[in-house]
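Let me begin by presenting the structure, written as structure tokens, before commenting on it.
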Amino acid sequence: MGKSAFLFLGYIDMDNSIHIGKAIQAKLKEQGRTVKWMSEKLCYERTNVYSIFRRKSIDTDLLYRISIILEYDFFELYDCKNSKQFRRD
């Protein structure tokens, strides 16, 4: 997915950094899942899930768990080879 798509979806902030919470929230919505569903999968209170959505960064263990639950590799968003942020062309 190109940088313009991330900007459109709000995953990348103005300083070209990824806002992982927004990406997680968008993926949850795209799948038609609820915050209640995700909170049950994570064994978290719903308020903690909303807190995740506000985070610009996240613990890797938690991101791994969320990736498994939503069946999406969020680590791919940080792939330097595919990011214009790290390219010199």
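All values derive from a computational prediction rather than experimental measurement. Values reported hereafter were calculated over all heavy atoms of this structure, with side chains retained and with hydrogens, waters and symmetry mates removed. Heads up: numbering here begins at 1 and tracks the sequence.
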**Fill in**
So CZ of R54 and NE2 of H19: to nearest 0.5 Å the spacing works out to 10.0 Å
**Request:** Indicate yes or no for a side-chain donor-acceptor contact from E45 to the backbone of S39 under 3.5 Å, with no hydrogens or angles considered.
**Result:** no
**Fill in**
Rounded to the nearest 0.5 angstrom, the OH-CZ distance for Y44 and R65 is 5.0 Å
**Request:** Please assess I18 against K56 for the test side-chain contact (heavy atoms from CB on, under 4.5 Å), listing each intermediate value before the final yes or no.
**Result:** CA-CA 7 Å; I18 296 167; K56 189 170 182 168; over 6 Å; no
**Fill in**
Interatomic distance, CD@Q31 vs CD1@I69, rounded to 0.5 Å, equals 11.0 Å
**Request:** For side-chain contact (heavy atoms from CB on, under 4.5 Å), just list the numbers for Y72 and I66, CA-CA rounded to whole Å, side-chain angles, deciding distance to a tenth of an Å, and then say yes or no.
**Result:** CA-CA 8 Å; Y72 179 80; I66 292 170; over 6 Å; no
**Item:** Test item: L63 and I24 side chains (from C-beta on) under 4.5 Å apart, heavy atoms
**Value:** yes
**Item:** Heavy-atom pair with the smallest gap, counting every atom of K36 and R46
**Value:** CA-CD, 3.9 Å
**Message:** Using every non-hydrogen atom in the two residues, find where A23 and L77 come nearest and quote the distance to one decimal.
**Reply:** CB-CD1, 3.8 Å
**Item:** Between CG on residue L28 and CZ on residue R33, distance to nearest 0.5 Å
**Value:** 8.0 Å
**Asked** Any side-chain heavy atom of V49 sitting closer than 4.5 Å to one from W37?
**Response** no
**Asked** Is it true that atom NZ of K41 has more than 12 heavy atoms of other residues, nucleotides or ligands lying nearer than 6.0 Å?
**Response** no
**Asked** Mind checking whether L62 and L42 have side chains closer than 4.5 Å, heavy atoms only?
**Response** yes
**Residue pair F75 / T60: nearest heavy atoms and the distance that separates them** = CZ-O, 3.6 Å
**Request:** Let me see the working for F74 and K27 under side-chain contact (heavy atoms from CB on, under 4.5 Å), right down to the final yes or no.
**Result:** CA-CA 10 Å; F74 286 97; K27 182 55 72 172; 3.7 Å; yes
